Number of protein chains: 4
Amino acid sequence: MKEDTRKNIMETAVKLFAETGFKDTSISKIANQADVGKGTIYWHFDSKEDLFFSIIKEKGKAYFDKILQLDRSDLSPQEVIYQYIKGRIEFIDNNHKLAEMLISNNDVINREFKELMEKKHRQSVAVLEKAIQRGIDSGEFRESPSNEIALMIINSTNSAHNNFSCSLKGDNEERTKKIFDFIMYGLAGGKRNEK
Amino acid sequence: MKEDTRKNIMETAVKLFAETGFKDTSISKIANQADVGKGTIYWHFDSKEDLFFSIIKEKGKAYFDKILQLDRSDLSPQEVIYQYIKGRIEFIDNNHKLAEMLISNNDVINREFKELMEKKHRQSVAVLEKAIQRGIDSGEFRESPSNEIALMIINSTNSAHNNFSCSLKGDNEERTKKIFDFIMYGLAGGKRNEK
Amino acid sequence: MKEDTRKNIMETAVKLFAETGFKDTSISKIANQADVGKGTIYWHFDSKEDLFFSIIKEKGKAYFDKILQLDRSDLSPQEVIYQYIKGRIEFIDNNHKLAEMLISNNDVINREFKELMEKKHRQSVAVLEKAIQRGIDSGEFRESPSNEIALMIINSTNSAHNNFSCSLKGDNEERTKKIFDFIMYGLAGGKRNEK
Amino acid sequence: MKEDTRKNIMETAVKLFAETGFKDTSISKIANQADVGKGTIYWHFDSKEDLFFSIIKEKGKAYFDKILQLDRSDLSPQEVIYQYIKGRIEFIDNNHKLAEMLISNNDVINREFKELMEKKHRQSVAVLEKAIQRGIDSGEFRESPSNEIALMIINSTNSAHNNFSCSLKGDNEERTKKIFDFIMYGLAGGKRNEK
DNA sequence: AATGAATGAGGGTTCATTCAT
DNA sequence: GATGAATGAACCCTCATTCAT
């Protein structure tokens, strides 16, 4: 029963945080919606921030774990990139607003959160970076700064989710392919005519 | 002197809004930091929202105008894309904090703001889209959905600015070239070996 | 204990509203005087207006109910008028400050309040009007516009309470009789010598 | 020219004060409406209160002077009362909202204003009182406490102006007569049948 | 474990007043 | 005489947090 209340609060909170953001979601609203007393939330969590972090950590864990698991040499570099895009799109699809919080650095709550997010971000970059480097070493990819390419891949992938009411069309598979294709061959594709 | 105070307030505000977001930046804080009375802000602006919009409109105008001017046929498609990237990077460099506000859609304040930003975003997409289509028609670019490619270009360009304390290295010229290169040729470049 | 706080706030508020009016009575002042936190007032009432209305509705109900109960044919017209005066004087005596709020229409807060007060006022007028008409029909009273006479009776009755530090003397019984006498016979009494 | 600005301000102010009351009329609004700078008002008047008092004193003077002039023995007691009612109704008609301020003691601004109003009120009562006493002495009026009757006359006269959207009908002459008649003969008129 | 009444710091905003020009 | 930009105290209200029960 103990865990039930805690879970109930977290699930209600994640929905509300995702819908209206951290600042605009009050403890009262969460308590109301979760059908518990306000004091109950403070029995289970130290503060509003603590509640938020607990959610982020729990919900984000699966996502980040999946990314970290791509850091294996039995996957081809292209496969790593493809799976990265796919995983992110799926996560965004399932946790729409929460994803925005994890992806953007605007809703910075405090230093602890910022540092946690930066760490996760660096880890994601590192996974991609390694795969890219492997691809370059094998001659599969062209010479380029792997770290920065990783960053551009991550940003391109964001095209999958709403960006001022504009986003990629199609189901997850299609969207993944589109982004992967863009990342792999760019606009010109094989057509190299130097600017 | 009249305009000095207004400018002072706007510059202080843009810094604080960018640092801590709209919600977490109080009028008191802005007034303190700008070394004016709280009432002074309300002499120059109708409300906190009005202050925010005034900043967005005034500072963002030059940036968006420059993008719209790229919509000319005497520029090659590649040139349009290159100039787009360059313009955005320069804007980000000069208005670092403001750029974060303009780029992120997390701090959506209200419908008016949302609609303004969406309109500007659609216009930017349209400019790129046209250029891409021209490139495809001329055989310069490979066949692809121009609208969605435009979106991915925009997102890739965001790699130029801080993304959880990680960004592209080099001066503006270098960074522009890196992004342009990525967009043009992708990771594989001419090396096409289908996944 | 729950109701104690609410009552405490209402009683403090009615005193202050009556002393200094709605506009000039701040929530802070009420909270201070009632020895509760400002937030406590907002726990019990939605807004300053809600507090005001709650007082009016709760405290005024008994008074208006008593008036409406005079609308019975087993009471002689004179008796209705006498009881009306008596009821109002008693109410004023027991709710001195509140009475000032109910009687004056200067502190009109908003449409809802205005309409509520007008409705109650019309009902009071109607009760008196019916009684007057009955008295005229029976030949007890002289021919006269019953509606307007009702209005004058109401205003005369206001003489019982402070009017720029001047009011009728005596206990409630005496004051009721004085006003009743004035209303019945006027200044000249039976002495009719046309002006 | 000096007096022109001052007059302009006062006339604009009296209109606005009358329309929206003292509290709800801001100096800005008056300045705007009068088409002068805010500072100009403060050059002509010490404060918002001073502006208000200046209006009250000036506009109220004519009214109160007229009442005081009724304190002459060449007027019959009835004539005094009749003229009192008539004067008040005319004043109310010409200065509708301002009249409410003068008549009600709810919009008490401060001690000075309160005392001024009470003094004027006492003087008005005194004029009526003397006339009543003369009428009683001459056998014209029946025996009664002249001071308190004066108060009731004043209150009855208030029936002429809006009282929660209910007031006497007819032109000034008619309304004066109705009130005079009520005051003189009451409801029963000559018909004395003791309750 | 759970509750909800109570709190007060801080939010955005208004406005009478001042003063350099 | 006249102006209006600047001020800051005070306004109503919100909400994260506490604590007696």
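Letters go in sequence order (proteins before strands), and every chain restarts at 1. Every value quoted in this text rests on a predicted model; they were computed, and no experiment measured them.
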How many whole angstroms separate atom CG of B/D4 from atom P of F/dG4?
19 Å
Does a side-chain N or O from D/Y42 land closer than 4.0 Å to OP1 or OP2 of E/dT17, or not?
yes
On the 0 to 90° scale, with breaks at 30° and 60°, tag the C/Y63-C/F91 ring pair as parallel, tilted or perpendicular.
parallel
Figure out the CD1/P separation between A/I41 and F/dC19, and round it to whole Å.
18 Å
Test your reading of the model: is there a side-chain donor-acceptor pair from C/N8 to the backbone of C/A34, 3.5 Å cut-off?
yes
Both C/V36 and D/T25 contact DNA chain E. Which one's nearest nucleotide lies toward the 5' end?
C/V36
Paired nucleotide for F/dC13 [Watson-Crick or G-U wobble; both distances under 3.5 Å]:
E/dG10
Could you give the NZ-to-C1' distance, from C/K23 to F/dA10, as a whole number of Å?
14 Å
Starting from P on E/dT17, measure out to NE2 on D/H44 and report it in whole angstrom.
16 Å
Return the value, rounded to whole Å, for the distance between atom CG of D/D50 and atom P of E/dT18.
12 Å
Between A/S26 and D/D35, name the one whose nearest nucleotide on DNA chain F is closer to the 5' end.
D/D35
Over all strands shown, is C/T40 touching base, sugar-phosphate only, or nothing at heavy-atom distances under 4.0 angstrom?
base
Measure across A/V14 and A/E11 and return the closest heavy-atom pair with its distance rounded to 0.1 Å.
CG1-O, 3.2 Å
So that I can tick it off, tell me whether B/E19 and B/K29 are bridged by a salt bridge, with the cut-off set at under 4.0 angstrom between side-chain N and carboxylate O.
no
Which residue lies more 5' along DNA chain E, comparing A/G37 with D/S47 via nearest heavy atoms:
A/G37
For B/K38, report the nucleic acid contact type (base, sugar-phosphate, nothing); a contact means any heavy atom under 4.0 Å.
base
Separation of atom CD1 in D/I27 from atom P in F/dT3, rounded to whole Å:
14 Å
Can you measure A/I30 atom CD1 to E/dG4 atom C1' for me and round it to whole angstrom units?
16 Å
Paired to E/dA1 by Watson-Crick or G-U wobble criteria (both distances under 3.5 Å) is none
N/O (side chain, A/T5) to phosphate O (OP1/OP2, E/dA2) under 4.0 Å
yes
A side-chain contact here means heavy atoms from C-beta on lying under 4.5 Å apart; do A/S54 and A/R6 qualify?
yes
Whole angstroms only, please: what is the CD-C1' distance between A/E49 and F/dA16?
11 Å
Considering every strand shown, what is the Watson-Crick or G-U wobble mate of E/dA20 when both distances are under 3.5 Å?
F/dT3
